[in-house]
Amino acid sequence: MAYDRPAAPGDLQAVEAFGNSARFLHGEDAFADLASTRDWLRTHEWHDAAGELDESAHRELVRAREAIREYLAGTDSAEVNDYARRFLRPPQWQDGQVVIPTAHATAAERLIGRLIATLVIDGLTGKPGRLKVCRAEVCRWLYYDRSPGNNSIWCSMDICGARHKMRAYRTRRTRSGNE
């Protein structure tokens with residue numbers, strides 16, 4: 001079954017796509033090796049990062065992906081803060097927009113800096129927390145919560161939500177002795 005949520009809006013779409021380069025529920029990881037990482041980067045218009053990719057940059061991209069996922073899940077922000085310190089400069093205003101320039105040497109660092117800057121700007125808009133991580137530990141898919149109450153917890157009710165409900169039902173039946 002496919003994920004059925006529309007992509008995140010604006011610049012958050014790049015963060016969402018980057019985080020979803022690993023589909024844990026299906027055992028897929030676009031960053032599994034250098035060749036697949038290059039393919040993913042080219043597909044997502046990060047040609048300079050694909051061209052410069054080496055083992056060190058590859059490890060940094062994987063680390064950044066998981067740091068962003070942990071930050072969005074609300075479990076850890078230390079690594080995202082480290083990336084912000086290393087790769088972001090003070091904000092500037094250009095043409096009525098807040099812009100956070102990146103400070104780095106490699107294309108992979110520019111990519112990571114852009115993603116972290118997007119999260120910073122999203123946090124300043126007054127609507128942080130819409131880009132979320134599915135609460136199913138085996139999934140952890142990133143999705144944009146468009147619900148009015150901003151209270152979605154599953155990437156899809158047809159996938160992870162249904163699995164959670166079925167497990168809860170079976171647990172209740174087992175406890176009550178009605179197997």
Side-chain angles (χ1 to χ4, degrees), residues 1-26 28-31 40 44-46 60-104 108-168:
M1 187 168 287
Y3 295 99
D4 57 355
R5 289 187 182 260
D11 291 339
L12 284 175
Q13 189 171 1
V15 178
E16 181 182 51
F18 184 76
N20 289 337
S21 61
R23 293 173 30 132
F24 298 116
L25 190 61
H26 301 289
E28 300 169 1
D29 186 352
F31 294 177
W40 187 92
H44 290 85
E45 306 297 322
W46 290 98
E60 196 69 33
L61 289 172
V62 171
R63 181 176 161 244
R65 179 184 65 195
E66 297 314 308
I68 289 170
R69 190 184 305 276
E70 292 301 318
Y71 164 74
L72 292 172
T75 56
D76 186 11
S77 60
E79 285 195 67
V80 170
N81 283 328
D82 179 56
Y83 283 121
R85 275 189 297 278
R86 289 171 41 208
F87 299 151
L88 302 183
R89 293 185 184 215
Q92 299 175 2
W93 287 260
Q94 297 174 359
D95 301 321
Q97 300 289 322
V98 175
V99 176
I100 300 178
T102 55
H104 42 267
E109 290 171 348
R110 284 192 298 276
L111 186 159
I112 295 166
R114 177 176 162 217
L115 298 172
I116 299 300
T118 298
L119 291 174
V120 170
I121 291 171
D122 182 59
L124 297 173
T125 63
K127 288 189 177 182
R130 291 277 179 183
L131 188 58
K132 297 181 174 183
V133 177
C134 180
R135 283 199 192 165
E137 282 298 318
V138 297
C139 179
R140 301 178 65 221
W141 186 254
L142 271 65
Y143 66 93
Y144 190 80
D145 183 0
R146 287 180 166 77
S147 68
N150 191 26
N151 58 0
S152 294
I153 60 173
W154 311 115
C155 62
S156 169
M157 281 306 296
D158 294 335
I159 301 172
C160 294
R163 289 177 180 195
H164 175 75
K165 286 181 176 183
M166 184 53 69
R167 277 192 295 276

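Nothing fancy with the numbering, it's 1 onward along the sequence. Computed from a prediction, not measured in an experiment: that's the story for all the values here.
- Heavy atoms only, all atoms of each residue included: Ala67 and Val80 are closest at O-CG2, 3.4 Å.
- Side-chain contact between Glu16 and Leu131 is present, with heavy atoms from C-beta onward closer than 4.5 Å.
- The nearest pair of heavy atoms linking Pro91 to Pro101 is CA-CD, 4.5 Å.
- Within the 4.5 Å cutoff, the side chain of Ile116 has no heavy atoms near those of the Ile100 side chain.
- Looking at heavy atoms from C-beta onward, Tyr143 lies out of side-chain contact with Asn20 at the 4.5 angstrom threshold.
- Contact check for Ile121 versus Gln97: no side-chain heavy atoms found under the 4.5 Å cut-off.
- Inter-residue side-chain proximity for Leu115 and Tyr83 is flagged as unmet; no heavy-atom pair is nearer than 4.5 Å.
- Checked by atom type and distance alone, the side chain of Thr75 pairs as donor or acceptor with a backbone atom of Glu70 at under 3.5 Å.
- Atom CG of Leu12 and atom CG of Asp122 lie 4.5 Å apart (nearest 0.5 Å).
- Between Arg65 and Phe31, the closest heavy-atom pair is NH1-CD1, 3.5 Å.
- Smallest separation of non-hydrogen atoms from Ala17 and Trp40: O-CZ2, 3.3 Å.
- The shortest distance between side-chain heavy atoms of Gln13 and His44 does not fall below 4.5 Å.
- Judged by distance alone, the side chain of Arg69 and the main-chain N or O of Gly19 form a donor-acceptor pair under 3.5 Å.
- The number of heavy atoms from other shown groups lying within 6.0 Å of CZ (Arg146) is above 12.
- Atom OH of Tyr71 sits about 14.5 Å away from atom CD of Glu79, to the nearest 0.5 Å.
- The shortest distance between side-chain heavy atoms of Trp141 and His26 does not fall below 4.5 Å.
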Evaluate the criterion side chain to side chain contact (heavy atoms under 4.5 Å, CB included) for residue pair Trp93 and Val98; output intermediate values, then yes/no.
CA-CA 5 Å; Trp93 287 260; Val98 175; 3.2 Å; yes
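- At least one side-chain heavy atom of Asn150 sits under 4.5 Å from a side-chain heavy atom of Lys132.
- Of all the heavy atoms in Arg130 and Pro148, the pair that sits closest is NH2-O, 3.8 Å.
- The OG1 atom of Thr102 lies 11.0 Å from the CD1 atom of Ile112; values are rounded to the nearest 0.5 Å.
- Residues Leu111 and Phe18 approach most closely at CD2-CE1, 3.7 Å, considering heavy atoms.
- Under the 3.5 Å distance criterion, the side-chain polar atoms of Arg135 are left unmatched by any main-chain donor or acceptor of Ala73.
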